Peer 1: 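Please read through the structure below; I'll follow up with questions.
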Amino acid sequence: MYITATPRSDELDGRAATARRTRKPRPLGLAVSAAALLLAAGAPAHALVIGVTEGVTYQVTESQIAPRFEPIAEVLSKALKQPVTIKVLISYNSAREALKEQQVDLAFIHPAHVALEAVKSGRYQTLAWTSGFTAYKVSLLCKEPQPISDWKSTAGKGLVMPDADSITSVITRAMLREQSVQPASLKLTNTRYQDAIPFYVQNGFVAYGATASSGVIKTWKDGGGNVCAESRAVPIKQWLVSRKLDAATAAAAREALLGLAQSDAGKRALATSTYTGFAAPSADVEAALMTWLGI
């Protein structure tokens with residue numbers, strides 16, 4: 001019969017202390033490497049967020065916007081080797097707030113004045129312009145047979161524009177300033193959607209209607225209407241990148257966007273978005289436009 005004595009508590013404490021003194025330290029480098037491997041294997045990469053706004057003067061809903069940009073987000077995700085999510089910024093004010101707080105890493109912004117405000121603030125820089133939308137011009141629809149030659153003659157006449165905060169209205173006000181015409185000298189009316197502009201002119205409610213919708217302008221001309229004035233060209237759909245992102249990520253995003261039209265996958269993504277591609281921007285042009293638009 002064997003009897004095993006139970007060690008006293010002071011003996012146990014002594015043995016533990018001896019074990020701690022004699023235990024070999026674990027190499028720090030190996031511990032860090034193991035942790036890094038675990039993180040790489042199991043922890044998801046930080047998801048970049050694309051903010052998207054498509055303007056307020058066309059009848060487009062939030063549920064229609066996100067699916068159009070999902071294929072582009074997938075292309076960017078592969079190029080940047082990071083998850084990419086979409087945040088729809090349905091109003092101009094929500095877009096401004098998101099850009100002010102740098103809540104989005106990348107942004108597709110229509111209207112241009114909201115994008116240029118963010119660029120001027122120093123929080124974002126332009127990555128690309130949208131091909132086919134680099135020469136957006138406002139036309140003044142009218143019934144008058146000739147273009148406006150004396151802008152002083154417009155005083156007291158009616159002018160209808162889309163939403164006052166739309167890029168069309170911003171450009172229209174810049175046109176008036178350029179001609180030394182004070183907006184207050186005209187009888188101004190606003191209507192939210194651009195396709196309503198011709199109704200006001202056709203029915204004599206106003207003398208001029210400001211629109212930049214190519215479809216609206218074509219229909220107006222096809223029906224015998226005239227255009228009395230046209231603005232200078234403005235690129236209106238900009239891709240922006242937050243200056244919080246590192247230069248390598250920003251460059252990779254820019255390369256991916258500019259190269260979309262050069263690959264089959266990119267072309268499929270563009271087809272869903274309804275755009276044909278993206279072009280390199282001009283900082284000089286944007287700087288001049290900021291002054292002209294009063295930004």
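The structure presented is a predicted model; accordingly, all values stated were derived computationally and were not measured.
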Peer 1: Return the minimal non-hydrogen interatomic distance between I148 and A229, and the atom names on each side.
Peer 2: CD1-CB, 4.5 Å
Peer 1: Does the gap between the ring centers of F278 and W239 come in under 6.0 Å?
Peer 2: yes
Peer 1: Can you tell me how far apart OG (S77) and CD (E70) are? Round to the nearest 0.5 Å.
Peer 2: 12.5 Å
Peer 1: Just checking, is any N or O donor in the side chain of Q194 or T211 under 3.5 Å from an acceptor N or O on the other one?
Peer 2: yes
Peer 1: Throw together a table of side-chain donor-acceptor distances under 3.5 angstrom for residues 155-162, partners on residues two or more places apart or in other chains.
Peer 2:
| residue | atom | partner | partner atom | Å |
| --- | --- | --- | --- | --- |
| K157 | NZ | E144 | OE2 | 3.1 |

Peer 1: Return the minimal non-hydrogen interatomic distance between L80 and A253, and the atom names on each side.
Peer 2: CD2-N, 3.6 Å
Peer 1: Just by distance, no angles: are the side chains of T168 and Y136 close enough, under 3.5 Å, to form a donor-acceptor pair?
Peer 2: yes
Peer 1: Would L140 end up clustered with W220 when hydrophobic side chains under 4.5 Å apart are linked, directly or stepwise?
Peer 2: no
Peer 1: Any chain of hydrophobic side-chain contacts (each under 4.5 Å) joining V227 to V201?
Peer 2: yes
Peer 1: Side chain of R123, backbone of K100: donor and acceptor closer than 3.5 Å?
Peer 2: yes
Peer 1: Will you find, in the side chains of T126 and Q238, an N or O donor that is under 3.5 Å from an N or O acceptor?
Peer 2: no
Peer 1: Under the side-chain contact (heavy atoms from CB on, under 4.5 Å) test against L127, which residue among L257, L258, L240 passes?
Peer 2: L257
Peer 1: Which residues satisfy the ring pair (Phe, Tyr, Trp, His ring centres under 6.0 Å) test with F69, sequence neighbours excluded?
Peer 2: F108
Peer 1: What closest approach, in Å, do P281 and A128 show between heavy atoms, and which atom pair accounts for it?
Peer 2: CD-CA, 4.0 Å
Peer 1: Checking T134 side chain against S131 main chain: does a donor-acceptor pair fall under 3.5 Å?
Peer 2: no
Peer 1: Do P235 and L289 come close enough that some side-chain heavy atom pair is under 4.5 Å?
Peer 2: yes
Peer 1: Could you state whether F199 and I217 fall into the same hydrophobic cluster, counting links through intermediate Ile, Leu, Val, Met, Phe, Trp or Tyr residues with side-chain heavy atoms under 4.5 angstrom apart?
Peer 2: yes
Peer 1: What is the minimum heavy-atom distance between L99 and A118, and which atoms define it?
Peer 2: CD1-CB, 3.8 Å
Peer 1: Might you work through the side chain to side chain contact (heavy atoms under 4.5 Å, CB included) test for N93 and E97, ending with a clear yes or no?
Peer 2: CA-CA 6 Å; N93 285 337; E97 184 65 21; over 6 Å; no
Peer 1: Please, which pairs that meet disulfide (SG to SG under 2.5 Å) have at least one residue in residues 138-226, sequence neighbours excluded?
Peer 2: C142-C228
Peer 1: List the steps and the verdict of side chain to side chain contact (heavy atoms under 4.5 Å, CB included) for K143 and Q202.
Peer 2: CA-CA 8 Å; K143 290 183 177 180; Q202 183 63 48; 4.2 Å; yes
Peer 1: Taking the side chain as C-beta and beyond, is there a heavy-atom pair between L76 and I50 under 4.5 Å?
Peer 2: yes
Peer 1: The test is side chain to side chain contact (heavy atoms under 4.5 Å, CB included); show your working for D163 and N190 and say whether it passes.
Peer 2: CA-CA 6 Å; D163 186 282; N190 292 99; over 6 Å; no
Peer 1: Less than 4.5 Å apart, side chain to side chain, heavy atoms only: is that true for K218 and D222?
Peer 2: yes
Peer 1: Any luck finding a side-chain donor-acceptor pair between K237 and Y275 under 3.5 Å?
Peer 2: yes
Peer 1: State the CG-CG distance between L245 and L106, to the nearest 0.5 angstrom.
Peer 2: 6.0 Å
Peer 1: Answer yes or no: is there a side-chain heavy-atom contact under 4.5 Å between Y200 and T191?
Peer 2: yes
Peer 1: Excluding sequence neighbours, so at least two apart, what forms side chain to side chain donor-acceptor pair (under 3.5 Å) with T291?
Peer 2: none
Peer 1: Kindly work out whether a path of hydrophobic side-chain contacts (I/L/V/M/F/W/Y, heavy atoms less than 4.5 Å apart) joins V285 to L116.
Peer 2: yes
Peer 1: How long is the span from the NZ atom in K87 to the OG atom in S94, to the nearest 0.5 Å?
Peer 2: 8.0 Å
Peer 1: Tell me, do R268 and D264 make a side-chain contact under 4.5 Å, heavy atoms counted?
Peer 2: yes
Peer 1: Less than 4.5 Å apart, any side-chain heavy atom of L89 and any of R96?
Peer 2: no
Peer 1: Rounded to the nearest 0.5 Å, what separates atom CD1 in I86 from atom CD1 in I65?
Peer 2: 10.5 Å
Peer 1: Does S166 reach the main-chain N or O of S169 with its side chain, forming a donor-acceptor pair under 3.5 Å?
Peer 2: yes
Peer 1: With clusters defined by side-chain heavy atoms of hydrophobic residues (ILVMFWY) lying less than 4.5 Å apart, directly or transitively, does I236 cluster with I197?
Peer 2: no
Peer 1: On a heavy-atom basis, which atom in A280 and which in R254 lie closest, and how many Å separate them?
Peer 2: CB-NH2, 3.6 Å
Peer 1: Could you check whether any side-chain N or O of H110 sits under 3.5 Å from a backbone N or O of A115, counting only pairs where one atom can act as donor and the other as acceptor?
Peer 2: no
Peer 1: Just grab all the disulfide (SG to SG under 2.5 Å) pairs involving residues 230-270, residues at least two apart or on different chains.
Peer 2: none
Peer 1: Supply the atom-to-atom distance S180 OG to K152 NZ, rounded to the nearest 0.5 angstrom.
Peer 2: 8.5 Å
Peer 1: Any ion pair linking R68 and E54 (charged N to carboxylate O, less than 4.0 Å)?
Peer 2: yes
Peer 1: With heavy-atom distances below 4.5 Å as the criterion, would you say the side chains of P198 and V216 are in contact?
Peer 2: yes
Peer 1: Mind checking whether V104 and V52 have side chains closer than 4.5 Å, heavy atoms only?
Peer 2: no
Peer 1: Report the distance from atom CG of L48 to atom CG of D105, rounding to the nearest 0.5 Å.
Peer 2: 4.5 Å
Peer 1: Give the minimum heavy-atom separation between A112 and V234, together with the two atoms involved.
Peer 2: CB-CG1, 4.3 Å
Peer 1: Any chance the side chains of T249 and D246 put a donor and an acceptor closer than 3.5 Å?
Peer 2: yes
Peer 1: Show me the pairs that pass side chain to side chain donor-acceptor pair (under 3.5 Å) and involve residues 223-232, at least two apart or across chains.
Peer 2: E178-R232
Peer 1: Go through Y124 and Q102 one step at a time and tell me if the side chain to side chain contact (heavy atoms under 4.5 Å, CB included) criterion holds.
Peer 2: CA-CA 8 Å; Y124 287 82; Q102 290 182 288; 3.9 Å; yes
Peer 1: Among V138, I167, L188, which one satisfies side-chain contact (heavy atoms from CB on, under 4.5 Å) with T172?
Peer 2: V138
